[in-house]
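Below is one structure, written out as C-alpha cells, with a few remarks after it.
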Amino acid sequence: MVNLKAGSRPPWVGLGAAVWVQIASGNAYNFPLYSHSLKSVLGFNQRQLTMLGVANDIGENVGLLPGIACNRFPPWIVLMIGALACFLGYGVLWLAVSRTVLYMPYWLLWIALCVATNSSAWLSTAVLVTNMRNFPVSRGTVAGILKGYAGLSAAVFTEIYSTLLRKSSSKLLMFLSFGVPILCFVMMYFVRACTPASGEDSAEHGHFLFIQATSVVLGLYVLSTTILDHMLHFSDEISSVILAVMVVLLMAPLAIPVKMTIYPTRINKPVIPDQPVASSDEMLQGEGNADKTEPLLKPSESATYLGSFREGDEASEVAMLLAVGEGAVKKKRRPKRGEDFRFREAIIKADFWLLFLVYFFGVGSGVTVLNNLAQIGIAQGVQNTTILLSLFSFCNFVGRLGGGTVSEHFVRSKTVPRTIWMTCTQIVMVVTYLLFASAIDGTLYAATALLGICYGVQFSIMIPTVSELFGLKYFGIFYNFMSLGNPLGAFLFSGLLAGYIYDTEAAKQHGLNLVNSSVSCIGPNCFRLTFLVLAGVSGAGSIASIILTKRIWPVYQMLYGGGSFRLPQTSNH
C-alpha cells in the first residue's frame with residue numbers, strides 16, 4: 001500500500017497542486033474553441049462535428065480504468081498516464097488542423113480526440129480521489145473547490161487562447177499537446193496521499209474560505225479581461241501582464257502551506273470519543289479488520305433512522321442469530337448506505353441507479369448545449385463565441401463552487417440531502433431551455449449563464465453524494481461510472497438529436513436535398529426542437545431527483561445528525 005505523508009501541511013500542499021492539475025484536466029472544455037476550425041479546415045458537416053463532440057465527452061468521462069488504477073497505484077502513475085494520453089491525442093489533432101499531415105481519416109481523428117480528452121479522466125480522478133481521502137470530513141467543500149477549478153479551466157484556456165495564442169486553433173492544440181503534460185510532470189511529486197487530520201481543525205474552515213474567495217476573484221478576473229480584450233484588443237505587452245496576474249491568482253492556494261510553515265499551529269483539538277471521524281486509514285485498510293466482532297446492539301443517536309434504510313435485512317439477521325446462537329456464527333452482512341460498498345454491491349441498489357439517472361438527465365442535456373455553443377451563438381447572430389464560452393465557464397465554476405459550499409452548509413446544519421439542489425437546478429434548467437428555444441433578443445447570454453450555473457451544480461453535488469452513500473474506499477470507480485452519464489447524454493442528445501436537426505434545417509435553408517453538407521444554419525429553428533426536448537429531459541430529471549431525495553433523507557439524518565460527518569459502524573465485507 002502507498003506510504004502516507006504525515007503532518008498537517010502536506011494535504012494543503014497537495015490541494016494547491018491539485019488546483020493546477022484540475023485546470024489542466026479541463027482541456028476537454030476547449031472543444032468549442034477549435035471545433036469551428038475542424039469544420040472549416042477539414043470540411044466536416046455539423047453532424048460529423050457533433051459526433052466529434054461525442055468523442056470529446058466519451059474520452060473525458062469514461063474513467064473506469066482510472067477509477068480502478070487509483071486504488072492500485074500511487075497518484076503520480078495515474079497522472080503520468082493522463083499526461084501521455086494528452087500528448088498523443090492532441091498531437092494528432094494538431095497535425096491535422098495545422099495541415100502538417102494531409103488527408104487524415106475521420107475515424108483516426110475521432111479516436112485521437114477520445115484519447116486526448118481521456119487524459120481529463122486520469123488527471124481529475126488522481127487529484128479528486130487523493131484529496132477527498134486527505135480531507136474526509138470536508139468532502140463536499142473539497143469536491144466543490146476542485147470541480148470548480150475544473151469548470152473555470154475553460155475560461156483560463158480561453159484567456160490563453162485569446163491573449164497569448166491570438167485565437168489560433170493550431171497553436172491551441174500545440175499548447176495542449178505540450179503544455180498540459182509538462183504541468184502534470186511538475187505537479188506529480190506534490191499530489192500524494194496524506195494522513196488526514198484526526199478531527200476538524202478550527203483553522204480549516206478559514207483555509208477553505210480563502211481558497212474559495214481567491215477562486216472567485218480568479219473567475220471574475222478571467223471573465224472581465226476576456227471581455228475587455230474583445231472590446232479593446234490588448235497589445236502583446238498588456239496580454240503578458242494579464243497572463244502573469246492570472247498565474248499569480250492560480251498560485252494563491254499555495255499560500256496556505258506557506259502560512260502554516262511560517263506560523264505553525266500548536267496542537268489540534270482532541271477528537272470527541274463518541275463521534276468517530278472518517279479517516280483515510282480507516283477507509284483504505286480493507287479486510288485487515290475482518291476479524292473484529294461487532295456488538296449485537298449498538299447505542300446511537302441515529303438509531304431511530306436506521307430501520308428506514310436497512311431495507312428489511314434485520315429480520316433475516318435476527319432469525320439467523322436465534323437459530324445458531326449468539327457468537328456461534330460470524331455472518332458476513334451486506335453494507336448499508338453510508339458504509340463502504342464494493343462496485344458489485346452498489347449496482348444492485350435502487351439509489352445508485354436513481355443518482356445515475358438524475359446526473360445523466362442534468363449533465364447530458366447541459367453538455368449538448370456546451371458542445372454546440374459556438375453554433376448556437378452563430379445561429380443567433382453572435383460572431384465572437386469566445387465570450388459565450390467564457391461566460392458559460394465562469395458560471396459553471398460558480399455552480400460547482402457554490403453547489404459544494406451551499407450543500408455542505410445545509411447538510412451539516414439541517415441534515416438536508418445534497419440531491420435537493422440537483423432538483424432545484426434541474427427545474428431551473430427547464431426554464432432555461434425554454435428561454436433558449438424562444439430565441440428572444442438579449443436572452444442568449446442570460447440563458448447561457450443560468451445553464452452554466454445549473455450544469456456546475458450537478459457535478460459538485462453528485463461527487464460527495466456518491467461518497468456518502470457508498471463510501472470512499474472504492475470512490476474512484478463509483479465516481480467515474482456516474483460520469484458516464486455525460487458522454488451518454490452527449491451521444492443521444494447532441495450526436496443523434498442536435499446534429500441531425502441542425503443539418504436538416506441548414507439543408508432546408510440552402511435548398512439542398514442532402515444533409516451532409518458543411519453549410520451553416522442561421523436562425524432560431526436550428527436548435528429550437530432540440531431545446532424543447534432538453535426541457536422535457538430536465539423535467540424528468542427533476543422528478544427522479546425528488547424520489548431519490550426522499551429515499552436518502554434518513555441516511556443524511558444518520559450521517560450528519562450530530563452537526564458534522566460521522567461514519568456508521570463499518571461493515572466487514
T419 vs T549, side-chain hydrogen bond (donor to acceptor under 3.5 Å, both in side chains): CA-CA, chis, key distance, verdict:
CA-CA 6 Å; T419 50; T549 301; 2.8 Å; yes
Distance (rounded to the nearest 0.5 Å) between W353 CH2 and F360 CZ:
12.0 Å
Taking all atoms of both residues into account, what is the closest heavy-atom pair of F491 and V54, and its distance?
CA-CG2, 3.6 Å
Below 30° counts as parallel, above 60° as perpendicular, anything between as tilted: where do the rings of F478 and F470 land?
tilted
The test is salt bridge (Lys or Arg N to Asp or Glu O under 4.0 Å); show your working for E408 and R139 and say whether it passes.
CA-CA 9 Å; E408 190 77 12; R139 60 188 69 183; over 6 Å; no
Flag the pair L79 / M187 as yes when at least one side-chain heavy-atom distance between them is below 4.5 Å, and no otherwise.
no
Output field: ring centroids F356/F481 closer than 6.0 Å:
yes
Side chain to side chain contact (heavy atoms under 4.5 Å, CB included) partner of S483, chosen from L488, N61, V363, D57
N61
Measuring only between side-chain heavy atoms, which start at C-beta, is T425 closer than 4.5 Å to I453?
no
Under a 4.5 Å cut-off applied to non-hydrogen side-chain atoms, are R400 and F397 in contact?
no
Using the benzene-type ring in the case of Trp, are the ring centres of F135 and F208 under 6.0 Å apart?
yes
Step by step, work out the side-chain hydrogen bond (donor to acceptor under 3.5 Å, both in side chains) result for S545 and Q426.
CA-CA 9 Å; S545 184; Q426 293 214 26; 5.9 Å; no
On a heavy-atom basis, which atom in S120 and which in E60 lie closest, and how many Å separate them?
CB-CG, 4.0 Å
Spatial distance of atom CE (M429) from atom CE (M422) [nearest 0.5 Å]:
9.5 Å
